[in-house]
Structure formats: C-alpha cells, structure tokens
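All heavy atoms count here, side chains included; hydrogens, waters and symmetry mates do not.
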Amino acid sequence: MDLSIVNAFDLSGRVAVITGAGGGIGREAAIVFAGAGARVVVGDVSADGLFETVRLVEANGGRAIAVPTDVTKRDQVDALVHTARREFGSVDVMANVAGIIRNNLVVDTSEEELDAVIAVNLKGVYFGCAAAARVMVEQGSGSIINVASAGMDMAVPGLSAYALTKAAVAMLTRTLATEVGPHGVRVNTIAPGFTDTPMTQRWWKTSEGAVDEAARDELWSMRADQSPLHRIGTARDQALGMLYLASDASAFMTGQVLRVNGGVVMP
C-alpha cells in the first residue's frame, strides 16, 4: 500500500477531544482516533462510562485521559479542552458527539423537555465549538467535527426537538467554518443514519439491561429495509467517517455534512 495514503489518515502526534465518549459513537471515536495514533481526552456525564472507554483505549495501546463533563455547562466544556491543551500541548481534533433524544409530538412536548434537548444537542455543541476554535485559531490548525443526524433531513412525528437541534448543528457548522477557515481550521458534521448505540437500544433494552430479542430483531429488520445496503449502521461506521474528517485525507473539506446513513437519505 502507498504509505502516503496511510499517512493521510494518520493522527500520530495529534490530540483529540471527544464529548459523549462514555459509550456509543463517542466511545468508538475515541478508540478509532487512538488507533490512528492520537492521544485522546474524553468527556461525558457518565464517569463509569468514561473510565471504561479509557480502559478500552489503553488495552489497544493508546493513551487517554478521562474528564467527567456536563456539556450543558460551558465552564466544564472549557475545562475539558483546557485539560487537553495543558496535558498534551494542543487540540488538533474536537468531536462534539454528546447528544440526547426525546420522543413527543410538538403539542405534547414540555418546556423542560425542549430545554433539555437544546441544552445538550445544541448548546453543548456550541460550547465545544467555541472552546476548540479559540485554541485552534491560535495554533493555526485543527478539525472540529460535529454530530447531527439523518433526523434533520426527514420529518418524523415525535422527533421535533431532536431534529431541530440537529438541523441547527449543521448550520452552526457552516457558519463556524466561514469564521475559522482563514486560520487553517476546518469544521464539518457527520449525520448518522440509524445506528446501534445506547440511544437506539432503548427501544429493545430495559433499564436493567435485559434484551427483548424479538423487538430488537423487528426494529433492525425494519431499519435495514430502509437502506439500499440492507443493514443498519454501527458505531464503527460512524467513527471511521469521523476519522476521515479528523485526518489530512479531508484537508480540502469544510462546512460540509457527511451523511453516514447507508443511503437512507440522499439529498
């Protein structure tokens, strides 16, 4: 294999900060980035989840630091980014992955529910973008990766709060890309399709962790049928898309939405 191609995806010597890294796509991104050579600093409200992520990264020979972080608190997001810079000297990749979902019709959505989704999915991403951009503009390089959703491209009853925040993330990405591009900083978004993560597992797994196999198989079959590839996504699928955006392989890409959705949405 041409080593220049391998090098294009190499993150050796770089530092990646990832929110929502206590499980799901955030955890897999930490594992993939570390596997590509990055040192990772991971944040999440779940301390137990974070430390498991660190264990998995280190088991594969990587280096990781856990910083319990509530992304709805700007000072905590700032502290997460500051820790990465203090410990490793730079912030080369910022992945704003943390997100929550609520299912309710517009007429039934409480203000508290709406505020909770906006606080995590939009303000949390905004805070992460701002904290990382300050560092990256100063150092003259960096890649910010936000996480939207296929939900922003399709109107689904009951997903108004989730969908509007994900659509807003895409617009935030474009705006920030124009602001920081002259300083050598890129900003892009991935928009996952249906992916097997704790967020989607709520449909077939109880709070105690018991699995309803029939419900799972029915849901996976239905979702797979919506894709020309006839399968659902994995956290690894999403993390590899994020690796592309984090690496020099996407050096001429900014302000874009990368739809890792199995072809369910083709805008």
Candidate pair Asp237 and Thr234, rule side chain to side chain donor-acceptor pair (under 3.5 Å), full reasoning:
CA-CA 5 Å; Asp237 291 324; Thr234 67; 3.1 Å; yes

Say whether, by atom type as modelled, one donor and one acceptor occur between the side chain of [X] and the main chain of [Y] under 3.5 angstrom.
X	Y	value
Thr197	Gly24	no
Asn261	Gly193	no
Ser247	Leu243	yes
Arg27	Gly49	yes
Gln256	Thr189	no
Thr200	Thr195	yes
Asn60	Leu56	yes
Lys166	Val147	yes
Ser143	Leu245	yes
Asn121	Ile100	yes

Determine, for [X] against [Y], whether the closest basic-nitrogen to carboxylate-oxygen distance falls under 4.0 angstrom.
X	Y	result
Asp248	Arg14	yes
Lys73	Asp78	no
Asp153	Arg259	yes
Glu218	Arg223	no
Arg55	Glu52	yes

Report the C-alpha distance between Gln139 and Ser90 in whole Å, list the side-chain angles of each, state the deciding distance to 0.1 Å, and finish with yes or no for side chain to side chain donor-acceptor pair (under 3.5 Å).
CA-CA 8 Å; Gln139 67 191 22; Ser90 67; 4.8 Å; no

Report all side-chain donor-acceptor pairs from residues 174-183 shorter than 3.5 Å, counting only partners two or more places apart or in another chain.
| from | atom 1 | to | atom 2 | distance (Å) |
| --- | --- | --- | --- | --- |
| Thr175 | OG1 | Met171 | O | 3.0 |
| Thr178 | OG1 | Thr175 | O | 2.6 |

Between [X] and [Y], what is the shortest heavy-atom contact and its length?
X	Y	result
Val32	Ala239	CG2-CB, 3.7 Å
Pro192	Ala148	CD-O, 3.4 Å
Ile144	Met136	CG1-SD, 3.6 Å

Taking the side chain as C-beta and beyond, is there a heavy-atom pair between Ser141 and Val185 under 4.5 Å?
no

Considering residues, nucleotides and ligands other than [X], do more than 12 of their heavy atoms fall under 6.0 Å from its [atom1]?
X	atom1	value
Glu87	CD	yes
Tyr126	OH	no
Arg63	CZ	no

Please check if any side-chain donor atom of Ser46 sits under 3.5 Å from a side-chain acceptor atom of Asp48, or the reverse.
no

Residue pair Val265, Met154: steps toward the side chain to side chain contact (heavy atoms under 4.5 Å, CB included) verdict:
CA-CA 8 Å; Val265 177; Met154 45 183 27; 3.6 Å; yes

Residue pair Thr173, Asn146: steps toward the side chain to side chain donor-acceptor pair (under 3.5 Å) verdict
CA-CA 7 Å; Thr173 295; Asn146 298 324; 2.9 Å; yes

